[in-house]
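Working notes, beginning with the structure itself.
Keep in mind that this is a model prediction, so the values were computed, not measured. Positions are given from 1 along the sequence.
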Amino acid sequence: MPPVEIGETFTETQTFRPEDVDQFAALSGDDQARHTEPDGDGRRMVQGLLTASLLTSIGGDLEVLASRMELQFQRPVYTGETLVCELTVASVDPRADGGVALVGDVTVRRVSRGNETEQADTAAANSAGGATAGTVVLEATVEGIIRE
């Protein structure tokens with residue numbers, strides 16, 4: 001694994017399906033009706049920690065051993081919505097054992113709801129700002145180490 005640098009950004013994109021919600025409910029025991037029964041639009045609410053698992057996907061790619069995660073859920077996420085998780089490296093400190101301590105700032109955005117309104121809003125925001133646009137559904141800070 002090459003060293004990571006401050007300001008470097010990593011992304012993960014995911015659209016959760018009802019099957020994902022079912023599997024997470026079986027594994028975690030978080031099987032509330034809001035997760036197992038569709039709402040009036042036929043969608044199911046995705047468990048918060050399933051949404052947060054996007055962070056662990058990036059961490060796994062970077063071989064980070066997480067020591068702390070601070071999660072701030074902003075809005076619910078529903079099946080069929082496309083999310084982009086972006087981790088930006090905020091600090092990297094060398095360790096005596098040859099590894100590095102890492103702090104990352106994370107934002108998860110809803111970039112598509114599968115309807116034209118959200119997609120049009122996202123396209124307009126993308127052309128205006130250049131950054132990943134969309135509704136923020138989760139913000140987080142993650143700390144961990146990458147061992148040599």
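Checked by atom type, the side-chain pair Glu70/Thr141 shows no donor-acceptor distance below 3.5 Å.
Asp41 places no side-chain N or O within 3.5 Å of a backbone atom of Arg43 that could act as its donor or acceptor partner. Listed for the Ser53 side chain is a donor-acceptor partner under 3.5 Å among the backbone atoms of Leu50. Under the 3.5 Å distance criterion, the side-chain polar atoms of Gln47 are matched with a main-chain donor or acceptor of Val21. Here the side chain of Glu81 pairs a donor or acceptor atom with the backbone of Tyr78 at under 3.5 angstrom.
Here the straight-line distance linking atom CG of Leu49 with atom CG of Leu71 works out to 7.0 Å at 0.5 Å rounding. Summarising the geometry, atom CG belonging to Asp39 is positioned 10.5 Å from atom CZ belonging to Arg44; distances are rounded to the nearest 0.5 Å. The CG atom of Leu55 sits 5.5 Å away from the CE atom of Met69 when rounded to the nearest 0.5 Å. Gln72 CD to Leu138 CG: the interatomic distance, rounded to the nearest 0.5 Å, is 8.5 Å. Considering CD of Gln23 and OG of Ser28, their distance stands at 11.5 Å, rounded to 0.5 Å.
A single hydrophobic cluster is seen to contain both Phe73 and Val137, as judged by linkage of ILVMFWY side chains at heavy-atom distances under 4.5 Å, directly or through other members. One hydrophobic cluster, built from ILVMFWY side chains closer than 4.5 Å, holds both Val142 and Val100. Using a 4.5 Å cut-off between side-chain heavy atoms of Ile, Leu, Val, Met, Phe, Trp and Tyr, with links allowed through other members, Leu54 and Met45 fall into different hydrophobic clusters. Put simply, Phe16 and Val136 are part of two different groups of oily side chains (I, L, V, M, F, W, Y) that touch within less than 4.5 Å, one to the next. Val92 and Val103 are members of different hydrophobic clusters when ILVMFWY side chains are connected at heavy-atom separations under 4.5 Å.
Annotation: side chain of Ile146 is in contact with side chain of Val4 (closest heavy-atom distance under 4.5 Å). Inter-residue side-chain proximity for His35 and Asp30 is flagged as met; some heavy-atom pair is nearer than 4.5 Å. Counting heavy atoms from C-beta outward, Arg110 and Arg75 have side chains that approach closer than 4.5 Å. Taking the side chain as every heavy atom from C-beta outward, Ile145 and Val64 never approach each other to under 4.5 Å. Side-chain contact between Thr88 and Glu86 is present, with at least one heavy-atom pair separated by less than 4.5 Å. Between Arg147 and Glu63, the closest side-chain pair of non-hydrogen atoms is not below 4.5 Å. Counting heavy atoms from C-beta outward, Glu12 and Asp61 have side chains that approach closer than 4.5 Å. Phe10 is listed as a side-chain neighbour of Val89, based on a closest heavy-atom distance under 4.5 Å.
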Applying side-chain contact (heavy atoms from CB on, under 4.5 Å), run through Val84 and Val108 and close with a yes or a no. CA-CA 6 Å; Val84 173; Val108 178; over 6 Å; no
Carefully, step by step, assess Thr82 and Thr13 under the rule side-chain contact (heavy atoms from CB on, under 4.5 Å). CA-CA 7 Å; Thr82 300; Thr13 301; 3.7 Å; yes
Show your reasoning for whether side-chain contact (heavy atoms from CB on, under 4.5 Å) applies to Thr11 and Cys85. CA-CA 5 Å; Thr11 62; Cys85 177; over 6 Å; no
Pair Leu87-Thr9, side-chain contact (heavy atoms from CB on, under 4.5 Å): steps then yes or no: CA-CA 6 Å; Leu87 180 143; Thr9 300; over 6 Å; no
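Among all heavy-atom pairs drawn from Ala90 and Asp105, the shortest one is CB-OD2, 3.6 Å.
Applying the 6.0 Å contact sphere to CD of Glu5 captures no more than 12 heavy atoms from other residues, nucleotides or ligands.
Ion pairing between a basic and an acidic side chain is recognised when a charged N comes within 4.0 Å of a carboxylate O; Arg17 and Asp22 show no such pairing.
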